[in-house]
Engineer: 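Structure below; questions to follow.
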Amino acid sequence: MTPTRSLPSVAIVGAGPSGLIAAETIARAGLSVTVYDRMPTPGRKFLLAGRGGLNLTHTEPSDRFAARYGPAEARLRAALDAFPSQALIAWCEGLGEPTFVGSSGRVFPRSMKASPVLRKWLARLSALGVAFALKRRWTGWDATGRLLFAGPDGETASVEADAAVFALGGASWPHLGSDGGWVHAFAGAGAAVSPLSPANCGVEADWSPHFRERFAGAPLKSVAATCGSACALGDAVVTRRGLEGGPLYELGPVIRAALAGGEATVAFDLRPAMSLAALAGRLAASRKQSLSTRLRKAGFNATESGFLRETMLAQRRDPSIATPEDWAAHAKAAPVRIRGLAPIARAISTAGGVRLDAVDETLMLRARPGVFVAGEMLDWEAPTGGYLLQGCFATGVAAGRGALRWLGVSEDRPALAKADV
């Protein structure tokens, strides 16, 4: 793509948070911006993210924050520094949505909901003159570099733009718009794309019918989960297919790598704050009583006791002859063999995507100048806790600024209100 007009136009492909913040960044400089999306309304997955409380970002110091992005940290650091958590908080409060910091350092709008944030955001975009073309699925480029979109009636239209920002997401929750259908077109255009895989997802394990029926949906509170040399703290939940929860999400990259090598095991410490000796002492205090009573008096609830029995039996060990010392050691490292990750369609986010070495420092595709990529389309991942949305916003801003730079337009150029256009 090459800038051709006195007032350049920019196409934003994807109406999630990355695309919308890129649209806002560009529209503030006075350019003509149109957002295209295959869904009938914008921000579908953003609304889902706020269903249990919209966790916008986190208040961790910048070095620890950036480290949450793992191998992608070095390439994303500039975008995260240019639009850090403080900037995202200020942006939200600028919409008239005050924020607060939770006890864990996570940041939420005071309303806890995504819907008022999105409603006010769309009103701001409208005032900036941003147009929306919904129910339009991007299908690729034509021979001249125009964008191709399939409309609701199946008709195909070509769109010429001086620059384009793609923010089509990964492949999780495809019914909300991000189905990964862009992969082949990008690969065909010369962009290196890593395979998409589930991230921030549950794991699958082989439970016995009794354990599955009785304990599916029950929590394992304040556990420490370890895979290899990596450890994560938090709450897990037993599911019919395995386990879910923050510790599993955080360990996702390590578990995925272990599975690729052939086998993955996660060890669960049900009492990470208690020493092995102290736990063994508790269990030995009621040595002459039944196993159920001993576990209960040692402080284990029904779910934890069931989990300990289940994982001990899976090791082909007889719980009836295990000593207090055996039970204590097992409770500090109960192993669960992981047979796979939950399907990508049910994952919170996606790993893989356009490789970071396929874009330059402005997030422009090296193989197709004038085309920028943001959000989960890029090959990065981060745990839940505000890091996902921060990454989407930061890369969206970076791509928007990259498009302005490509077009030779200053970000400080005053925007025109819709009524003045």
Engineer: Would you mind telling me which of F149, F132, W138 makes a ring-ring contact (aromatic ring centres under 6.0 Å, His included) with Y36?
Structural biologist: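 Result: among F149, F132, W138, F149 is the only option passing the ring-ring contact (aromatic ring centres under 6.0 Å, His included) with Y36.
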Engineer: To the nearest 0.5 angstrom, please state how far the CD1 atom of I348 sits from the NZ atom of K45.
Structural biologist: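 Going from CD1 on I348 over to NZ on K45, the span is 9.0 Å.
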Engineer: For D357, is there any backbone N or O sitting under 3.5 Å from a side-chain donor or acceptor partner on R366?
Structural biologist: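 Yes, because the side chain of R366 sits within donor-acceptor range (under 3.5 Å) of the backbone of D357.
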Engineer: Using the test salt bridge (Lys or Arg N to Asp or Glu O under 4.0 Å), find all partners of D318 that sit at least two apart in sequence or belong to another chain.
Structural biologist: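 D318 satisfies salt bridge (Lys or Arg N to Asp or Glu O under 4.0 Å) with no residue once adjacent residues are dropped.
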Engineer: Sequence neighbours left out, what passes side chain to side chain donor-acceptor pair (under 3.5 Å) with W121? Give chain and number order.
Structural biologist: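 Counting only residues at least two positions away or on another chain, W121 forms a side chain to side chain donor-acceptor pair (under 3.5 Å) with E24.
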Engineer: Aromatic rings F393 and F83: how do their planes relate, parallel, tilted or perpendicular, breaks at 30° and 60°?
Structural biologist: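 Geometry flag for F83 against F393: parallel rings.
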Engineer: Who pairs with R317 by side chain to side chain donor-acceptor pair (under 3.5 Å), at least two apart in sequence or on another chain?
Structural biologist: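 Counting only residues at least two positions away or on another chain, R317 forms a side chain to side chain donor-acceptor pair (under 3.5 Å) with Q315.
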Engineer: For a 4.5 angstrom cut-off between non-hydrogen side-chain atoms, does S62 reach L80?
Structural biologist: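 Side-chain contact under 4.5 Å: no.
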Engineer: Shortest non-hydrogen contact from A199 to E381?
Structural biologist: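 Residues A199 and E381, closest heavy atoms: CB-OE1, 3.6 Å.
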Engineer: Can you tell me how far apart CG (L48) and OG (S172) are? Round to the nearest 0.5 Å.
Structural biologist: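 If we round to the nearest 0.5 Å, L48:CG and S172:OG are 9.0 Å apart.
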Engineer: Can you find a pair of side-chain heavy atoms, one from C227 and one from R256, that are under 4.5 Å apart?
Structural biologist: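 Side chain of C227 against side chain of R256, heavy atoms only: no contact under 4.5 Å found.
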Engineer: Looking only at non-hydrogen atoms, find the nearest pair between V336 and A205 and report the distance.
Structural biologist: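 Scanning both residues completely, I find the closest heavy atoms to be CG1-CB, 3.7 Å.
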Engineer: Would you list the pairs meeting side chain to side chain donor-acceptor pair (under 3.5 Å) in which at least one residue belongs to residues 189-202, sequence neighbours left out?
Structural biologist: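 Residue pairs with at least one partner in residues 189-202: S194-D379, N200-S349.
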Engineer: Under a 4.0 Å N-O cut-off, is there an ion pair linking D179 with R38?
Structural biologist: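 A salt bridge links D179 with R38.
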Engineer: Side-chain contact, heavy-atom cut-off 4.5 Å: W91 with V117?
Structural biologist: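 Result yes, sub-4.5 Å side-chain heavy-atom pair found.
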Engineer: Quick check: does any side chain N or O of E376 sit under 3.5 Å from a backbone N or O of T350, one acting as donor and the other as acceptor?
Structural biologist: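 A pair under 3.5 Å: yes.
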Engineer: Hey, could you give me the CZ/CE distance between R137 and M39, rounded to the nearest 0.5 Å?
Structural biologist: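 That separation rounds to 9.5 Å.
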Engineer: Between A27 and L128, what is the shortest heavy-atom contact and its length?
Structural biologist: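 A27 and L128 have their closest heavy atoms at CB-CB, 4.0 Å.
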Engineer: Students often mix this up, so state it plainly: with edges at 30° and 60°, are the rings of F100 and F108 parallel, tilted or perpendicular?
Structural biologist: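 It falls in the parallel class, under 30°.
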Engineer: Using a 6.0 Å cut-off, check whether atom CZ of R282 has over 12 heavy atoms from anything other than its own residue.
Structural biologist: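 12 or below, so no.
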Engineer: From K120 NZ over to L125 CG, what is the distance, rounded to the nearest 0.5 angstrom?
Structural biologist: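 So the NZ of K120 and the CG of L125 are separated by 14.5 Å.
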Engineer: Hey, does the side chain of S178 reach the backbone of P174 with a donor-acceptor pair shorter than 3.5 angstrom?
Structural biologist: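 Not confirmed, S178 side chain does not pair with P174 backbone.
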Engineer: Measure across L243 and L220 and return the closest heavy-atom pair with its distance rounded to 0.1 Å.
Structural biologist: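 The answer is CD2-CD1, 4.2 Å.
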Engineer: Between N55 and T384, is there a side-chain heavy-atom distance shorter than 4.5 Å?
Structural biologist: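 No, too far: nothing below the 4.5 Å cut-off.
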Engineer: Give a yes or no answer on whether the side chain of D153 reaches the backbone of E155 with a donor-acceptor pair at less than 3.5 Å.
Structural biologist: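 Judged by distance alone, no pair lies under 3.5 Å.
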Engineer: Is there a side-chain contact between P272 and V223 (heavy atoms, below 4.5 Å)?
Structural biologist: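 A side-chain contact under 4.5 Å is absent here.
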Engineer: Which residues satisfy the salt bridge (Lys or Arg N to Asp or Glu O under 4.0 Å) test with R316, sequence neighbours excluded?
Structural biologist: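 Result, salt bridge (Lys or Arg N to Asp or Glu O under 4.0 Å) vs R316: none returned.
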Engineer: Taking side chain to side chain donor-acceptor pair (under 3.5 Å) as the cut-off, I'd like each qualifying pair that reaches into residues 66-87, sequence neighbours left out, listed once.
Structural biologist: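 As it turns out, the side chain to side chain donor-acceptor pair (under 3.5 Å) pairs with a partner in residues 66-87, which skip direct neighbours, are E60-R68, D63-R77, R68-Y387, R77-D81.
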Engineer: Side-chain donor-acceptor contacts of residues 395-403 below 3.5 Å, not counting sequence neighbours, with atom names and distances?
Structural biologist:
| residue | atom | partner | partner atom | Å |
| --- | --- | --- | --- | --- |
| T395 | OG1 | G375 | N | 2.9 |
| T395 | OG1 | G391 | O | 2.8 |
| T395 | OG1 | C392 | O | 3.3 |
| R401 | NE | E411 | OE1 | 3.2 |
| R401 | NE | E411 | OE2 | 3.1 |

Engineer: Once the angle between the rings of W327 and H330 is folded into 0 to 90°, is it parallel (under 30°), tilted (30 to 60°) or perpendicular (over 60°)?
Structural biologist: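 Answer is perpendicular, since the angle exceeds 60°.
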Engineer: Check salt bridge (Lys or Arg N to Asp or Glu O under 4.0 Å) between R405 and all other residues, then give those that pass, not counting sequence neighbours.
Structural biologist: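 Only E361 meet the salt bridge (Lys or Arg N to Asp or Glu O under 4.0 Å) criterion with R405.
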Engineer: Using the test side chain to side chain donor-acceptor pair (under 3.5 Å), find all partners of R294 that sit at least two apart in sequence or belong to another chain.
Structural biologist: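 Listed in chain order: nothing, the list is empty.
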Engineer: For the pair D37 (side chain) and L134 (backbone), establish whether a donor and an acceptor sit closer than 3.5 Å, ignoring hydrogens and angles.
Structural biologist: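 Side chain of D37 to backbone of L134, a donor-acceptor pair under 3.5 Å: no, none is there.
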Engineer: Can you list the residues that meet the side chain to side chain donor-acceptor pair (under 3.5 Å) rule with T25, with sequence neighbours excluded?
Structural biologist: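 For T25 there are no side chain to side chain donor-acceptor pair (under 3.5 Å) partners, ignoring immediate neighbours.
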Engineer: What pairs meet the side chain to side chain donor-acceptor pair (under 3.5 Å) rule with one or both residues in residues 259-277, with sequence neighbours excluded?
Structural biologist: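 The answer is D269-K332, R271-E304.
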Engineer: Could you list all the side chain to side chain donor-acceptor pair (under 3.5 Å) pairs where at least one residue sits in residues 209-228, not counting sequence neighbours?
Structural biologist: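 Sorted result for residues 209-228: E213-R240.
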Engineer: Tell me whether T34 contacts the main-chain N or O of A131 through its side chain, where contact means a donor paired with an acceptor under 3.5 Å.
Structural biologist: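 No: the side chain of T34 does not pair with the backbone of A131.
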Engineer: Is the backbone of L148 close enough, under 3.5 Å, to the side chain of W141 for a donor and an acceptor to pair up by distance?
Structural biologist: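 The answer is no, because no donor-acceptor pair under 3.5 Å joins these two groups.
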Engineer: What are the two closest non-hydrogen atoms of G353 and W182, and how far apart are they?
Structural biologist: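 Nearest pair, atom of G353 first, then W182: CA-CH2, 3.9 Å.
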Engineer: Give me the atom names and distance for the closest heavy-atom approach of L283 to A328.
Structural biologist: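 Smallest interatomic distance, heavy atoms only, reads CD1-N, 3.6 Å.
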